[in-house]
Amino acid sequence: MDWAWGFAGGLLIGGAAALFLLVNGRIMGASGLLGGLVDGSGRVNFAERSAFIAGLVGAPALIALIHAHPDTNATSNVGLLVIGGLAVGFGTRMANGCTSGHGVCGISRFSLRGIAATLAYLFFGGLTMLVVRHGLGML
Amino acid sequence: MMRLFFALLAGAIFGTGLMLSGMTDTSKVQGWLDIFGAWDPTLAFVLGGAILPMLLAWRVAERRGKSSLGTPIPPKPEPLLDARLLGGSALFGFGWALVGLCPGPAMASLSYGGWQGLLFFAAMVVGMIGHGRLRQRQEARPA
């Protein structure tokens with residue numbers, strides 16, 4: 001049944017992106033919204049970015065509080081967490097997008113940049129799993 | 001005010017979708033990237049489900065040219081495949097595989113991801129600020 005929850009959650013993700021585009025005229029990209037706040041490049045729509053992130057953090061927090069929260073199963077290896085976080089933060093800003101911006105909003109617009117970025121991060125993610133999990137026996 | 005309300009609403013729906021779909025479960029994400037191991041196809045359904053409403057939304061948006069609140073629809077970027085796009089995406093894919101979190105789920109799970117989630121988020125923010133600083137320095141340098 002995982003696939004059905006995945007699909008239902010996916011429809012919500014796409015629905016949120018559709019709402020943000022059609023009502024606010026913005027492309028829903030998680031790394032761009034946060035990145036613009038923390039590096040100062042998004043001062044023009046600071047309030048709109050903050051409101052989006054408040055909803056993104058707040059709604060799951062509310063569900064976790066009153067209902068239940070899924071396990072994140074994240075590693076406790078400090079080195080992996082720090083290197084992974086740095087790479088995700090730097091890489092998504094350098095590429096100007098992540099899974100939501102390039103993957104969801106880019107592919108659906110048939111944007112060559114979105115499709116190429118998605119193929120690149122999937123390929124290098126798969127390669128990293130192959131080398132680090134199966135080659136080095138980590139993860 | 002309307003703009004802020006709908007931004008909050010879109011963020012809340014996005015976060016709920018990420019939580020519901022299993023995207024905040026790092027073992028599922030790593031299972032999806034583990035093509036040569038015990039591959040978990042769930043994320044294909046998440047991505048497929050997310051793209052469907054957006055296929056429709058882009059058609060409407062591009063026909064109208066403007067959002068309901070009057071903002072112009074962002075123009076489609078030039079189909080330019082450069083080292084920044086591909087190198088940045090490769091670096092992102094590497095980090096995504098190491099931990100199993102990308103920016104959206106990292107924020108959605110901040111309240112229940114424990115110290116691991118907080119540490120990942122902090123490192124991600126440092127990476128974003130670091131990129132911003134580097135960019136500024138490059139742009140300030142005379143050609």
Side-chain angles (χ1 to χ4, degrees), chain A residues 2-3 6-7 9-21 23 25 30-31 35 38-39 48 51-52 55-57 59-61 64 69 72-74 80-82 84-95 98-100 104 108-109 112 116-117 120-121 124-126 128-130, chain B residues 4 6-8 10-17 19-21 26-27 33-35 42 45-46 49-51 53-55 57-58 67-68 71 79 81 85-86 88-99 102-104 107-113 116 119-120 123-125 127-128 131-132:
Chain A
D2 277 6
W3 67 268
F7 187 71
L11 287 175
L12 283 180
I13 295 168
L19 180 75
F20 204 42
L21 177 69
V23 177
S31 56
V38 299
D39 74 5
E48 190 177 17
F52 183 94
L56 168 55
V57 177
H69 63 81
T72 60
N73 294 308
L80 286 178
L81 288 165
V82 171
L86 287 172
V88 167
F90 195 95
T92 52
R93 291 303 278 158
M94 185 175 160
C98 56
T99 25
S100 48
V104 176
S108 60
R109 197 182 200 182
L112 184 66
Y121 63 64
F124 281 94
T128 303
M129 279 316 269
L130 182 67
Chain B
L4 297 188
F6 282 103
L8 182 78
I13 298 171
F14 182 41
T16 306
M19 193 185 200
L20 200 70
S21 62
T26 59
S27 63
L33 292 174
D34 195 4
I35 305 151
T42 309
F45 291 93
V46 181
I51 286 175
M54 277 306 283
L55 281 173
W58 276 123
S67 75
S68 305
T71 318
L81 303 185
L85 181 80
L86 299 175
S89 295
L91 191 59
F92 164 44
F94 165 74
W96 193 29
L98 285 188
V99 181
C102 54
M107 286 188 269
S109 64
L110 267 179
S111 60
Y112 60 86
Q116 295 94 333
L119 179 60
F120 178 86
M124 184 173 84
V125 168
M128 287 175 165
H131 176 268

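Order of the sequence lines fixes the chain letters, A, B, ..., with proteins taken first and strands second; residue numbering starts at 1 for each chain. Predicted model only: the values in this text are computed from it and were never measured.
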Max heavy-atom pair count under 4.5 Å with chain A, selected residue of [options]:
options: B/Gly132, B/Ala7, B/Ser68, B/Gly95; result: B/Ala7
options: B/Pro53, B/Ser111, B/Ser109; result: B/Pro53
options: B/Thr71, B/Thr42, B/Val46; result: B/Val46
options: B/Ala90, B/Gly104, B/Gly113; result: B/Ala90
options: B/Ile51, B/Asp34, B/Val125, B/Leu86; result: B/Asp34

Please assess B/Tyr112 against A/Thr72 for the test side chain to side chain contact (heavy atoms under 4.5 Å, CB included), listing each intermediate value before the final yes or no.
CA-CA 8 Å; B/Tyr112 60 86; A/Thr72 60; 3.7 Å; yes
Show your working on side chain to side chain contact (heavy atoms under 4.5 Å, CB included) between B/Met128 and A/Asp39 and close with a plain yes or no.
CA-CA 7 Å; B/Met128 287 175 165; A/Asp39 74 5; 5.7 Å; no
[X] versus [Y], closest heavy-atom pair with distance:
X: B/Met54; Y: A/Val104; result: CG-CG1, 4.1 Å
X: A/Ala117; Y: B/Ser89; result: CB-OG, 3.4 Å
X: B/Ile13; Y: A/Leu12; result: CG2-O, 3.4 Å
X: A/Ala74; Y: B/Gln116; result: CB-CB, 4.0 Å

Heavy atoms only, distances under 4.5 angstrom: which of [options] has the most pairs with chain B? Name it, please.
options: A/Ser31, A/Gly15, A/Gly35, A/Ser100; value: A/Ser31
options: A/Ala61, A/Ala17, A/Ala51, A/Ala64; value: A/Ala51
options: A/Ala87, A/Ala18, A/Ala30; value: A/Ala87
options: A/Cys98, A/Ala120, A/Ala59; value: A/Cys98

Start with the C-alpha distance between B/Trp58 and A/Ser108, add both sets of side-chain angles, then the distance that settles side chain to side chain donor-acceptor pair (under 3.5 Å), and finish with yes or no.
CA-CA 7 Å; B/Trp58 276 123; A/Ser108 60; 3.1 Å; yes
Side chain, backbone, both or neither: which part of B/Ile35 has a non-hydrogen atom closer than 4.5 Å to chain A?
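For B/Ile35, the contact with chain A is made by the side chain alone.
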Contact class of B/Leu85 relative to chain A, heavy atoms under 4.5 angstrom:
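Both the backbone and the side chain of B/Leu85 come within 4.5 Å of chain A.
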Checking side chain to side chain contact (heavy atoms under 4.5 Å, CB included) for the pair A/Thr128/B/Leu33: CA distance, chi angles, key distance, verdict?
CA-CA 9 Å; A/Thr128 303; B/Leu33 292 174; over 6 Å; no
Parallel, tilted or perpendicular: ring planes of B/His131 versus A/Phe90, cut at 30 and 60 degrees:
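Plane angle over 60°, so perpendicular.
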Could I get the full list of ring-ring contact (aromatic ring centres under 6.0 Å, His included) partners for A/Phe124, not counting sequence neighbours?
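With neighbours one apart ignored, the set is empty.
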Could I get the full list of ring-ring contact (aromatic ring centres under 6.0 Å, His included) partners for B/Phe92, not counting sequence neighbours?
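Only A/Tyr121, B/Trp96 meet the ring-ring contact (aromatic ring centres under 6.0 Å, His included) criterion with B/Phe92.
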Please flag which part of A/Leu21 lies under 4.5 Å from any non-hydrogen atom of chain B: side chain, backbone, both or neither.
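A/Leu21 touches chain B through backbone and side-chain heavy atoms alike.
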Please classify the contact of A/Leu19 with chain B as side chain, backbone, both or neither, using a heavy-atom distance under 4.5 Å.
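When you check distances to chain B, only side chain atoms of A/Leu19 fall under 4.5 Å.
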